[in-house]
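Below: the structure, in structure tokens.
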2 protein chains.
Amino acid sequence: MPTDDIRWIDDRGRDNDYNPPELNPRGIIMEAKCPHSATTVNCNDCRMSALCLPMALQADEIDRLNRIVERGRPLQRNEYIYHAGEPFKSIYAVRSGAVKGFTVNDEGVEQVTGFYLPGEIFGMDGIGHPNHINSAVALETAAICEIPFSRLEELSTQIPSLQRHFFRLMSREITNDQQLITMLSKNSAEERIATLLTSISARNARRKLSGSRFRLPMSRADIGNYMGLTVETVSRVFSRFQKQDILSVDKKEIEILDLDRLRSMANT
Amino acid sequence: MPTDDIRWIDDRGRDNDYNPPELNPRGIIMEAKCPHSATTVNCNDCRMSALCLPMALQADEIDRLNRIVERGRPLQRNEYIYHAGEPFKSIYAVRSGAVKGFTVNDEGVEQVTGFYLPGEIFGMDGIGHPNHINSAVALETAAICEIPFSRLEELSTQIPSLQRHFFRLMSREITNDQQLITMLSKNSAEERIATLLTSISARNARRKLSGSRFRLPMSRADIGNYMGLTVETVSRVFSRFQKQDILSVDKKEIEILDLDRLRSMANT
DNA sequence: CGGGCGGGTTGATATACGTCATATGGAAAG
DNA sequence: CTTTCCATATGACGTATATCAACCCGCCCG
């Protein structure tokens with residue numbers, strides 16, 4: 001099975017990475033110290049554009065989109081992008097860093113609903129409701145684009161390809177969730193972890209980063225929460241994978257030693 | 001907690017039921033023999049309109065929507081509305097009967113992704129893809145409205161409230177799925193079944209049917225599949241609920257004897 | 001420097017649910 | 001009417017994962 005078939009998460013990631021330090025038209029090095037710097041970026045020279053909303057647009061249309069996008073200061077680890085219960089106003093795109101989306105139920109128990117990496121869109125859960133249903137926090141220092149939803153809606157009525165693309169994004173969120181549902185109701189702990197790792201690997205590869213060596217932005221507890229497992233089980237699976245020479249793990253640093261085997265486990 | 005908070009499924013159902021036998025303008029009794037009869041129905045006099053797509057529209061707009069809706073002959077039990085892999089062309093609304101949505105993975109294992117009752121929309125999973133990802137079959141004799149998606153998209157650019165409503169529908173599908181995810185990863189077998197039953201109860205009540213006595217349209221196997229349980233476990237939970245005087249079960253006929261207790265179990 | 005603390009690992013034990021087997025009853029088929 | 005078959009039910013048993021507990025390690029903070 002080709003990598004592309006690991007759809008439930010991979011569809012979010014497609015290509016490229018955040019805008020790395022590079023020369024601007026005047027030859028001055030931008031963002032050399034802070035890769036999360038925001039103010040100098042716009043949709044035209046953001047290298048995420050190929051997988052973010054602009055991918056559906058022509059140059060002049062990107063310009064119009066660009067004008068409604070808001071880019072704040074970089075967020076620190078554990079800073080919220082939005083809280084459940086807040087009025088829903090915008091959707092968001094990750095430019096750099098990583099974000100965790102989650103709900104908290106009546107008893108205060110958290111449920112992680114997704115991890116978002118550079119180039120991915122989040123916050124769509126709020127669209128059907130006056131207030132946000134989920135919360136979102138930065139898992140590490142992150143640069144986020146905010147796209148006011150009412151402006152985007154307006155723009156969508158004027159640019160059919162944007163409307164279509166947006167429908168597609170939402171429907172993919174649905175199929176992603178459904179593949180997670182399948183996993184939770186049918187797959188073992190090992191299969192779930194293998195699926196998560198191959199997914200992150202593929203999303204990294206598409207951003208031209210290593211698909212075999214990377215740093216997990218989330219804790220074991222977050223992984224377990226997301227996959228319906230306890231921390232202990234996650235930890236044990238990681239240990240077992242190491243004993244089997246599938247992985248090499250050093251805290252959050254992961255090296256995938258046998259991607260084929262990992263894929264065949266994930267592949268249920 | 002009010003019934004309304006059982007969001008993960010209830011949001012689909014809101015009010016009313018299929019069009020029952022009634023007088024047409026000329027005083028002739030319509031559809032007396034077949035409640036699933038299609039040809040005489042249009043969006044204006046369909047009593048599902050209050051929770052279906054027309055709910056967002058003015059009279060003249062409903063007319064325009066009505067003109068793009070296709071209503072075929074009633075479907076029999078086990079007939080497919082669409083198969084996974086078929087080109088995606090339309091979304092669908094249930095006018096009467098019940099529908100099961102499901103995926104089949106590479107090994108041929110089925111995963112139920114949802115049950116759809118009268119007034120509810122399904123088939124949105126296909127939007128982001130050229131072909132349908134899921135399949136959908138009638139669980140019992142059913143009348144279905146087909147809404148060609150390209151026409152709906154077109155109409156949406158002309159009627160902003162329709163676009164907005166459609167965004168809402170999709171986002172609710174997302175939050176529904178996420179609440180199912182939470183249930184699968186955190187709740188016991190009893191809690192899951194209790195949640196399903198209270199959900200169906202609430203959806204029936206909103207259609208002015210009994211919320212305490214109803215017929216389950218799906219098999220125990222489908223329930224188990226949907227909730228991540230085996231048939232045996234589903235059966236045992238039903239038996240246990242009967243011993244505790246929470247339910248009275250006769251094959252698919254359900255009577256809820258203690259809705260409060262059921263709610264408090266569901267309510268995790 | 002020492003203590004506390006959060007995150008991670010590992011082991012021993014408990015348990016909810018799955019698996020396998022068998023039974024029943026109604027519906028469809030012949 | 002008999003046979004077959006499918007859905008449902010119920011019991012015995014096994015097991016994957018949760019739970020509980022102890023421990024380690026790096027980090028922050030006094």
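In what follows, every chain begins at residue 1, and chains take the letters A, B, ... in the order their sequences are listed. Every value quoted in this text rests on a predicted model; they were computed, and no experiment measured them.
The ring of Y82(B) has its center closer than 6.0 angstrom to the ring center of Y92(B).
What you find for G228(A) and S185(B) is that their closest heavy atoms are CA-CB, 3.3 Å.
Of the candidates dT17(D), dG8(C), dC17(C), dC17(C) carries the atom nearest the S188(B) side chain, counting heavy atoms from C-beta on.
Within the 4.0 angstrom heavy-atom criterion, no nucleotide atom of any strand lies near G224(B).
Tested against V99(A), the residues L139(A), V137(A), I144(A) include a single side-chain contact (heavy atoms from CB on, under 4.5 Å) partner, I144(A).
Side chains of E110(B) and N225(B): a donor-acceptor N/O pair is absent below 3.5 angstrom, by distance only.
Ion pair E253(B)/R215(B) flagged as a salt bridge, since at least one NZ, NE, NH1 or NH2 atom sits closer than 4.0 Å to an Asp/Glu carboxylate oxygen.
Contacts between residues 230-239 of chain A and DNA chain D, defined by a heavy-atom separation under 4.0 Å, are made by T230(A), E232(A), T233(A), R236(A).
Mapping M218(B) and L229(A) onto DNA chain D via the closest heavy atom, the residue that lands nearer the 5' end is M218(B).
With values rounded to the nearest 0.5 angstrom, S201(A) atom OG is found 13.0 Å from R213(A) atom CZ.
Following rounding to the nearest Å, R192(A) (CZ) and dA16(D) (P) show an atom-to-atom distance of 13 Å. The CG atom of L184(A) sits 16 Å away from the C1' atom of dA16(D) (whole-angstrom rounding).
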